[in-house]
Each structure stands twice: as C-alpha cells, then as structure tokens.
Amino acid sequence: MRKLSGTEPGKGKPKLRFKPLDFAAIGLSVALTVFSGVMVYAKAAPKTQVVIESSGRSWVFPLDAEEKVQVPGSLGTTVVEIHNGTVRVLSSPCDNQTCVAAGEIHSHGQWVACLPNGVFVLIEGTGDDGQLDGATW
C-alpha cells in the first residue's frame, strides 16, 4: 500500500497548512476585491443639466438649480423656470403657447421648444434612472 505524503495514518485527506505568506496573499486578494467593488459601484451620480438655446446663444444650468431665466428670442422674451428638478416654460410671446402648455420636463432627453420665438430647452446627461425609453422597444 502506498502512503500519501502529508496524510495521517488511517486518513485519506492531506492536512492543509497555511504559512504567513499565504495569509498575506489571501488578505491582499480580499482587499483588492473590496477596493475594486468600491471604485466601480461608488461613482458619483450622473450629472444632469438643462441647456437653453436661442439666437446662437446657450445657457447651461444643473437640473437641481433654482432659476428663472429670461431668454431673448426673435419675438421677445421667453421665461424658463428650473425648479425642484423640473424645467418648464412659464411664458412666451408666441401666439399658440404650445411651449407653455407642454408643462414640466424632468428626465434626460426631454425637451420643449418655442419654435416661433426660436427658443429650445433640453435636458442632457447620462440619466441612468432605470426607466425604459422609446429606443428600448
């Protein structure tokens, strides 16, 4: 009968003996795994911003700003309000007021335009909010 090295008589499994460098290697592996997880999953929230364009000019504000912006256009002044994470056109000098009736926008990719006055309002950003969009279908 052949004897397995590192086994006790009467037992078929070898004993596992750790050395100090084994513990150091295991500790380093665990530390690197935890560090990698923190770096990947603890990144800052995506930055969402409001872009207002008119007459070749642009205004950029964070979506969480509290602003009332008077935007000059070809017919007069359009007032855009950024409040509580939403954006809306408060007033515009155009006849049909479609931009005012559009209401509030709050997600990346949404926009409102006052075409007669030449004012365009867009929410930009990565916006990883977990919701399905039209491109998903």
Side-chain angles (χ1 to χ4, degrees):
M1 186 185 251
R2 183 191 245 184
K3 182 178 177 185
L4 296 173
S5 63
T7 61
E8 294 181 17
K11 294 185 180 177
K13 293 185 179 180
K15 277 190 164 181
L16 190 60
R17 298 177 196 244
F18 287 107
K19 296 184 175 147
L21 286 179
D22 295 332
F23 288 113
I26 291 170
L28 182 63
S29 298
V30 170
L32 284 174
T33 302
V34 169
F35 177 73
S36 298
V38 168
M39 293 304 291
V40 168
Y41 294 109
K43 58 185 172 185
K47 186 78 171 165
T48 306
Q49 58 190 16
V50 178
V51 178
I52 305 169
E53 296 180 351
S54 176
S55 306
R57 294 179 58 195
S58 293
W59 295 261
V60 179
F61 298 95
L63 186 59
D64 58 359
E66 298 291 326
E67 297 281 338
K68 276 189 184 172
V69 184
Q70 297 192 6
V71 183
S74 57
L75 298 177
T77 301
T78 297
V79 180
V80 177
E81 179 186 46
I82 306 168
H83 174 69
N84 244 7
T86 63
V87 183
R88 67 183 179 139
V89 176
L90 285 179
S91 65
S92 191
C94 59
D95 291 333
N96 58 12
Q97 298 290 300
T98 305
C99 53
V100 177
E104 297 177 338
I105 59 174
H106 56 84
S107 298
H108 72 284
Q110 290 183 319
W111 56 272
V112 175
C114 180
L115 296 179
N117 201 25
V119 176
F120 184 72
V121 181
L122 169 69
I123 298 179
E124 288 183 339
T126 56
D128 188 17
D129 56 9
Q131 295 179 355
L132 298 178
D133 60 0
T136 304
W137 300 97

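Worth saying up front: this structure is predicted, and the values here are computed from it rather than measured. Counting from 1, the numbers follow the sequence of the chain as shown.
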*From Cys99 SG over to Asn117 CG, what is the distance, rounded to the nearest 0.5 angstrom?*
8.0 Å

*Partners of Glu67 by salt bridge (charged side-chain N to carboxylate O under 4.0 Å, His left out), sequence neighbours excluded?*
none

*asked:* Testing the basics here: between Ser58 and Glu53, what is the closest heavy-atom pair and its distance to 0.1 Å?
replied: OG-CG, 3.5 Å

*I would like to know whether Phe18 and Ile26 meet side chain to side chain contact (heavy atoms under 4.5 Å, CB included); could you show each step before the answer?*
CA-CA 11 Å; Phe18 287 107; Ile26 291 170; 4.1 Å; yes

*Starting from the C-alpha separation in whole Å, work towards a yes-or-no answer on side chain to side chain contact (heavy atoms under 4.5 Å, CB included) for Val50 and Ile52.*
CA-CA 7 Å; Val50 178; Ile52 305 169; 4.1 Å; yes

*Hey, could you give me the CG/NE2 distance between Leu63 and His108, rounded to the nearest 0.5 Å?*
12.0 Å

*Phe61/Val51 under side chain to side chain contact (heavy atoms under 4.5 Å, CB included): CA gap, chis, key distance, verdict*: CA-CA 7 Å; Phe61 298 95; Val51 178; over 6 Å; no

Which donor-acceptor pairs under 3.5 Å do side chains of residues 79-92 form with protein atoms, sequence neighbours excluded?
residue	atom	partner	partner atom	Å
Glu81	OE1	Arg88	NE	2.8
Glu81	OE1	Arg88	NH2	3.1
His83	ND1	Glu66	OE1	2.5
Thr86	OG1	His83	O	2.7
Ser92	OG	Thr78	OG1	3.0

*Which ILVMFWY residues are connected to Leu32, directly or by a chain of links, through side-chain heavy atoms under 4.5 Å apart?*
Leu28

*Who pairs with Gln49 by side-chain hydrogen bond (donor to acceptor under 3.5 Å, both in side chains), at least two apart in sequence or on another chain?*
Glu124

*Among all residues two or more places apart in sequence or in another chain, which pass the ring-ring contact (aromatic ring centres under 6.0 Å, His included) test with Phe35?*
none

*Give every residue pair that meets the side-chain hydrogen bond (donor to acceptor under 3.5 Å, both in side chains) criterion with at least one member in residues 18-34, sequence neighbours excluded.*
none

Donor-acceptor pairs under 3.5 angstrom involving side-chain atoms of residues 69-76: please list them, not counting sequence neighbours.
residue	atom	partner	partner atom	Å
Ser74	OG	Pro116	O	3.2

*In the hydrophobic cluster built from side-chain contacts under 4.5 Å, what are the other members alongside Leu122?*
Trp111, Phe120

